[in-house]
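Residue numbers count from 1 along this sequence. Since the structure is predicted, the reported quantities are computational estimates derived from the model, not experimental observations. Whatever order the structure lists them in is the order used to number ligands and atoms, beginning at 1.
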Amino acid sequence: MIGIFDSGIGGLTVAREVMRALPDCPVCYLGDTARTPYGNKSPETVTRYAIQDTEFLLAQGAMVVVVACNTASAAAYHALRQTFDIPLFEVITPVVETVLSLPKIQRIGVIGTRATVASGIYERMIRERDPQKSVFSKACPLLVPLVEEGWMNKPETRMIVKKYLHSLKVRQVDALILGCTHYPLLKDVVQQKIGKRVRVIDSSQAVANSLVRFLEDRPELHDKLRSSDPSCLYVTDVTEQFAKIAQSILQRNVSLTHVEL
Ligand code: DGL
């Protein structure tokens, strides 16, 4: 099966696209809801959690693991690569490659958690590939709790999104990367507030596409994934709110299994 983990609910936006792109491959999802959010924790703590999350998924039979959390991708991907000898995917490289493949994009905005923005990973990756690009980042710590409350369409949320995006709007960015797995759930509001001219890009589809390309070159692994155990959804803390949002993201009934890490 394909293992996917996140600090909580946001990674389900990635799981949804992976399930759409590879409908014949079961997915084992882990949301570390007991320890969420990762976005305001130190890189050391996030790395420790990410290693435990990956160990859990491997114990369930995952043959490929997707780190569906920007904060964990920024803080822990390197350590995960050194610790585990399996195909590992993160959510930052695919979106960086997508934005750089688009025409007429010179000024790039990035929004994410405090930890992701503080890591400077998007600036580094973009400038390594194209030093001519300008990158402007903004941490938006209030957006994750708003999404978790299900406040996607509240006037208060629109006001906060507008305030966060002001500095990026003033800088006239051509593209805006949603550098947090929760933010695709706010894509419409973000698009409205940043303006129609700006390409708003999230990682979920780009990650799913990179997984598809990877498996196209590895038919044996693809066959093994197809014949693995059915999909499952694990959380480290079961809450009604998680079940409600998970159902609305995946558009179907979900059954959550509690696990202690
Ligand atoms: N999943 C995290 C990310 O993509 C956001 C939630 C959190 O802070 O844990 O950065």
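Pairs of residues two or more places apart, or lying in two chains, that qualify as salt bridge (Lys or Arg N to Asp or Glu O under 4.0 Å) and include a residue from residues 215-229 are Asp24-Arg226, Asp223-Arg226. The side chain to side chain donor-acceptor pair (under 3.5 Å) pairs that include a residue from residues 48-67 are Arg35-Gln52, Tyr38-Asp53, Gln60-Tyr234, where partners are two or more places apart or lie in different chains.
In this structure, the side chain of Gln82 does not engage the main chain of Ala79 through any donor-acceptor pair within 3.5 Å. When atom types are taken as modelled, the side chain of Lys41 and the backbone of Pro37 share a donor-acceptor pair closer than 3.5 angstrom.
At most 12 heavy atoms of other shown residues, nucleotides or ligands fall within 6.0 angstrom of atom CZ in Arg199.
Among all protein heavy atoms, the one lying closest to atom 10 (O) of ligand 1 is Thr71 OG1, 2.6 Å. Nearest to atom 1 (N) of ligand 1 among the protein's heavy atoms is Asp6 OD1, 2.7 Å. For atom 5 (C) of ligand 1, the nearest protein heavy atom (residue, atom name, distance) is Cys180 SG, 3.5 Å. Remark: minimum distance from atom 8 (O) of ligand 1 to any protein heavy atom is reached at Gly39 N, 2.8 Å. Counting protein heavy atoms only, atom 2 (C) of ligand 1 is closest to Cys69 SG, 3.5 Å.
Here is the list of ligand 1 atoms found below 4.0 Å of a heavy atom in Ser7: 1 (N), 2 (C), 6 (C), 7 (C), 9 (O). With ligand atoms numbered from 1 in the order given, ligand 1 contributes 5 (C), 8 (O), 10 (O) to contacts under 4.0 Å with heavy atoms of Thr113. Residue contact check: Tyr38 has heavy atoms under 4.0 Å from atoms 7 (C), 8 (O), 9 (O) of ligand 1.
With Val91, Val67, Ile92, Thr181 as candidates, the residue nearest to atom 4 (O) of ligand 1 on a non-hydrogen basis is Thr181. For atom 3 (C) of ligand 1, the nearest non-hydrogen atom from the set Thr36, Asn70, Val144 comes from Asn70.
Checked options Lys193, Gln192, Glu156, His166; the residue passing with Val161 is Lys193 (criterion: side chain to side chain contact (heavy atoms under 4.5 Å, CB included)).
Taken to the nearest 0.5 Å, the CD atom of Gln132 stands 13.5 Å off from the CD1 atom of Ile126.
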